[in-house]
Asker: 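Dropping the structure in here first, questions after.
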Amino acid sequence: MSKKIKVAVLISGNGTNLQALIDACIEPNYPAEIVLVISNKPNAKGISRAREAGIKTRIVDHTNYRSREEFDTELSMILSNSKCKLICLAGFMRILSENFVNTWPNTILNIHPSLLPSFPGTKTHERALEAGVKVSGCTLHFVTAKLDAGPIIGQAAVPVLDNDTPKTLANRVLIEEHKLYALGLELVANKILKNKNVNLHREQDTVFKSLLNF
Ligand code: GAR
């Protein structure tokens, strides 16, 4: 079996992106393996997906902590113990403190359901439809202290249809998120295995600019 980068995945909900990563990791030559799945929500469906795949899970319920910093400190300790080299946020709906993010430079990947820098934050599909955009999509990026603004690893685009609702657009984007995340994690993990710099810059290393679907 080839050498693999240890990955921890952080979730809050359904975990379909987690499932896409679990499925990708099954492939013997895929350069990453999920060693731990953490949820801040005790009932997240993603936790059962992880258990079914035989992956170690932890619930770190943020409501049990007095502050964001306390929660993040606990998270950091668990992640250090897992020996993970990459942290994948997959529908993890907590903002991580600056301190946490700086402890893990060039390590945290996030999937966001818009073509950043458009529509950072929440309610992305509602806002995209309100703005009347004709193209939407998703972005895989490294996490920095500024929300949804770290270096972009890759993007995938989908058309916005005239009769779209936030739900139908979200579903179309989600299909692309799954492909993009699996591809992007493969790329970053391969870079680490080859001891290459994973600090992506636009000029230096644009990965796959866009997976156009129309
Ligand atoms: C995904 O659409 C993901 O991009 C989004 O939450 C959904 C989680 O779905 N994440 C964010 O909005 C983060 N800001 P999943 O639990 O089925 O992977």
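Counting starts at 1 for both ligands and their atoms, in listed order.
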Asker: Among all protein non-hydrogen atoms, which one is nearest to atom 16 (O) of ligand 1, and what is the separation to 0.1 Å?
Answerer: Gly15 N, 2.8 Å
Asker: At a 4.0 Å threshold, what atoms of ligand 1 neighbour a non-hydrogen atom of Asn14?
Answerer: 16 (O), 17 (O)
Asker: Looking only at side chains, do Glu69 and Ser97 share a donor and an acceptor under 3.5 Å apart?
Answerer: no
Asker: Closest by any non-hydrogen atom to atom 8 (C) of ligand 1: pick that one out of Cys138, Ala20, Gly91.
Answerer: Gly91
Asker: Please list the nearest protein heavy atom to atom 12 (O) of ligand 1 with its residue and the distance rounded to 0.1 Å.
Answerer: Pro113 CD, 3.5 Å
Asker: Could you point out which residue of Lys45, His178, Glu177, Arg49 forms a side chain to side chain donor-acceptor pair (under 3.5 Å) with Thr16?
Answerer: His178
Asker: Could you check whether any heavy atom of Ile111 sits closer than 4.0 Å to an atom of ligand 1, since that is the contact criterion I want to use?
Answerer: yes
Asker: What protein heavy atom sits nearest atom 13 (C) of ligand 1, and how far off is it?
Answerer: Met93 SD, 3.8 Å
Asker: Within the supplied structure, the quantity of interest is the number of heavy atoms (other residues, nucleotides, ligands) at a distance under 6.0 Å from Arg127 CZ; does it exceed 12?
Answerer: yes
Asker: Mind checking whether Ile22 and Ile34 have side chains closer than 4.5 Å, heavy atoms only?
Answerer: yes
Asker: Does any non-hydrogen side-chain atom of Val160 lie less than 4.5 Å from one of Leu129?
Answerer: yes
Asker: Are any of the N/O atoms in Thr16 less than 3.5 Å from those in ligand 1?
Answerer: yes
Asker: Just to be sure I read this right, does ligand 1 sit under 4.0 Å from the backbone of Leu174, its side chain, both, or neither, counting only heavy atoms?
Answerer: side chain
Asker: Thinking salt bridges, do Asp72 and Arg94 make one under a 4.0 Å N-O criterion?
Answerer: no
Asker: Thinking salt bridges, do Glu176 and Lys179 make one under a 4.0 Å N-O criterion?
Answerer: yes
Asker: For atom 14 (N) of ligand 1, find the nearest protein heavy atom and state the residue, atom name and distance (0.1 Å precision).
Answerer: His112 ND1, 3.6 Å
Asker: Taking distance alone, with N or O pairs closer than 3.5 Å, would you say Glu177 contacts ligand 1?
Answerer: yes
